[in-house]
Undergrad: 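Before I ask anything, here is the structure I am working with.
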Amino acid sequence: MRKFFIVFIHAACSLLLAAFPAHANELSLEISPTLNIHETLPGSRVENQLVLENFANQSLELSVSYRQFTASTEENGEILYLPDDSPEFTRIKEYISLWDGENIIQTVKIQPEEKKKLRLVVDIPAQEPAADYYFSAIFTQRYTDQSPSSSSETTSKTFLEAGIASNILLSIGKRQVPDLFFDSFTPLNASEKPSSFFHEGPVDFNLRVKNNGTQLQKVKGSIEIRNIFGQKVGQLSLHPAYILANSARKINGSGNGLRWDETFILGSYQAQGVIYPERETETTGVKQNARLAQATFFAFPVGLFIKLVLSILCIFFIVKGVRKRLNQP
Amino acid sequence: MRFFLPIILYILFSPFYISPANAYQMQDSSIQIRSEDLSIFSNDPNITLIPSPTAFLKNRQIKRVLAEKPSSLRLSLENLLIDYGELEATNPIIRSTRITINSTENSRFTVLAWQDHALSGQDGSVIADTSCDNGSCTEVTAAPWQTPLTYGFGYRCENVEGQPCEKNIASDHTRYKQFADASIKEKEQKILRSTNLTNRYTADMIYKVNIPASQPPVGYSNTVSYLLVPGF
């Protein structure tokens, strides 16, 4: 019995050792912040700090590049790299420099567990015309052991390279009056399709907002839901969202604050959405360029109604049956 | 003594195999505002005060810095070399890499992938990208690849945590795609994206290569690049 117990302890220890497999990563790189916004004038110098942290136990040498992007055609806040930089952005790239302390650098070396603070600087000439530029600063690690295989080597391999980016939204020029409008505003059902009839909540809302202006806009907004009696039954706050110049943005779902979580809903509801540029409320407190849209939807808890009717019928027949038995001689 | 030996060994060697918590946290620390000039400072070395963009009012500028925590993204790759060994005809080789992305709350991102060229040997011979069993898979379209007589190089994505794989290659384990080939100007493709379900996303990238008997018996290699791109 004692020997069996010793063997059992050995086995248990071995299993515990096996239960903690190694998850060491050969590369683990973090960047912060991921989004930098600059609204500035010609002749200015803009700086933003970028922090790179190496969580792996190998040192890294990163090359730096800049690539222009536009909003993705999915209009969901993802970016789409342009196949080639525009001539104007090619010119802007000459004004961009990356600093490590007091030195301009072309590559970044990070030791294991090191956090590196860098400065991305854009020196904009005074004669630079007003325009928006959206680009990524991309830091790419190259696999260092890509020595060419000898002609006698017969093994095959794929080398992996990894890169990480931080986005910069640069808007040069005096601020223009925003040109925003609601392109659509609809409630969505559980399948994320526009719907005006619901059996039950929650109800998601989808906004599509267009920025017809030539400058980046940051918008805030809210949705107010009222029932058939005009009572406010829901208030949603839209998470601030950026809309690039000459583009549209779809904003929806709980991730953006656009979910009405009420589960039992009955009757006719009216939702009023309002969006406005964030800048206006910061400076004047007044939403001068607010845009409004309305949507009406109906709700009837069909499932609950059927259950209720069936329950009533069951009770009715049970009572009827009991009465019949009681009345029998 | 024999009875306690396993327990003693277990305790002695535990630091070598208990994996440290891979904590990824945004930490709040103190930020002070000096009332004389409303300048802000922090004594915490972990706090990075990012200069605000030019704004109309200095007070609002400070409010913006306090209100917005910097977002961050982390990309981790389990390994940087995929070794297929010596390839044999009609014997598909499958290898994998685990990719993990950690993001701050509600951070949007995508991961783009591409290859520099098809698997190429020193003698100039090439293992072409697979077109899958029905000849329809490309760098955009996935299709089933199960037959050992279908040759080429391709990949698929398997969700582990957070469901980041693009839906057209995550739907079942038989569907593969080609990597976008930079040497013929194919556009890099999205392979992973945030889904707002979590702050941590993990996926396994599965690489498959299969050659015919007529393929020259040399070593082939290429480079696959992954780029983690935030949204806005």
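Just so it is clear, the structure is predicted and the values come from calculations on it, not from any experiment. All chains are named by letter (A, B, ...) in the order of the sequence lines, taking the proteins before the strands, and each is independently numbered beginning at 1.
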Undergrad: Between D100(A) and K116(A), does any side-chain N to carboxylate O distance fall below 4.0 Å?
TA: yes

Undergrad: So which part of R95(B) gets closer than 4.5 Å to some heavy atom of chain A, the side chain, the backbone, both or neither?
TA: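 No part of R95(B) comes within 4.5 Å of chain A.
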
Undergrad: Which bit of Y134(A) comes within less than 4.5 Å of chain B, counting heavy atoms only: side chain, backbone, both or neither?
TA: neither

Undergrad: Quick check: does any side chain N or O of S136(A) sit under 3.5 Å from a backbone N or O of N167(A), one acting as donor and the other as acceptor?
TA: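 It does not hold such a pair.
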
Undergrad: Between I138(A), I164(A), T34(A), T158(A), which shows the greatest number of heavy-atom pairs under 4.5 Å with chain B?
TA: T158(A)

Undergrad: Using modelled atom types only, decide if a donor and an acceptor are shared between the side chain of S32(A) and the backbone of S71(B) within a distance under 3.5 Å.
TA: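 Indeed, once roles are kept as given, a pair shorter than 3.5 Å links the two residues.
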
Undergrad: Quick check on K190(B) against chain A: is it the side chain, the backbone, both or neither that has a heavy atom closer than 4.5 Å?
TA: side chain

Undergrad: Based on non-hydrogen pairs under 4.5 Å, which of A56(A), G77(A), A165(A) is most in contact with chain B?
TA: G77(A)

Undergrad: Ignoring hydrogens and angles, tell me if any N or O in the side chain of N211(A) forms a donor-acceptor pair with the backbone of I243(A) under 3.5 Å.
TA: yes

Undergrad: Should the pair K177(B) and Y155(B) be classed as cation-pi, given the thresholds of under 6.0 Å to the six-membered ring centre and 45° from the axis?
TA: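 Checked: cation-pi criterion not met.
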
Undergrad: Side chain, backbone, both or neither: which part of L216(A) has a heavy atom under 4.5 Å from chain B?
TA: neither

Undergrad: Sort E188(B) into side chain, backbone, both or neither according to what part of it lies under 4.5 angstrom from a heavy atom of chain A.
TA: side chain

Undergrad: Identify which of P83(A), P240(A), A162(A), S166(A) forms the greatest number of heavy-atom pairs closer than 4.5 Å to chain B.
TA: A162(A)

Undergrad: Measure distances from L41(A) to the heavy atoms of chain B and classify the residue's part below 4.5 Å as side chain, backbone, both or neither.
TA: neither

Undergrad: Name the region of R67(A), side chain, backbone, both or neither, that has any atom closer than 4.5 Å to a heavy atom of chain B.
TA: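 For R67(A), the side chain is the part near chain B, not the backbone.
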
Undergrad: Just give me the residue among L77(B), I101(B), I127(B), N79(B) that pairs up with chain A most often, heavy atom to heavy atom, under 4.5 Å.
TA: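 Maximum pair count with chain A is reached by L77(B).
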
Undergrad: Within this structure, what is the CD-SG distance for the pair Q163(B) and C157(B), rounded to the nearest 0.5 Å?
TA: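 So the CD of Q163(B) and the SG of C157(B) are separated by 11.5 Å.
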
Undergrad: List in chain and number order the residues that pass side chain to side chain donor-acceptor pair (under 3.5 Å) with D84(A), two or more places apart in sequence or in another chain; answer none if no residue qualifies.
TA: none

Undergrad: Which atoms of L112(B) come close to chain A, meaning under 4.5 Å heavy atom to heavy atom: side chain ones, backbone ones, both, or neither?
TA: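 For L112(B), the contact with chain A is made by the side chain alone.
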
Undergrad: Do we get R249(A) above Y242(A)'s six-membered ring, with its NZ or CZ under 6.0 Å from the centre and within 45° of the axis?
TA: no

Undergrad: Does N54(A) use its side chain to pair, donor to acceptor, with the backbone of Q58(A) at less than 3.5 Å?
TA: yes

Undergrad: Can you tell which part of S72(A) gets under 4.5 Å to a heavy atom of chain B, answering side chain, backbone, both or neither?
TA: side chain

Undergrad: Please determine, by modelled atom types, if S96(B) and D204(B) share a side-chain donor-acceptor pair under 3.5 angstrom.
TA: no

Undergrad: Looking only at heavy atoms and a cut-off of under 4.5 Å, which of V224(B), T100(B), V209(B), L119(B) has the most pairs with chain A?
TA: V224(B)

Undergrad: With chain A as the partner, which of G85(B), G231(B), S225(B) has the greatest number of non-hydrogen pairs under 4.5 Å?
TA: G85(B)

Undergrad: Count the heavy-atom pairs under 4.5 Å between each of L169(A), T140(A), L29(A) and chain B, then report the option with the highest count.
TA: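 The candidate making the most pairs under 4.5 Å is L29(A).
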
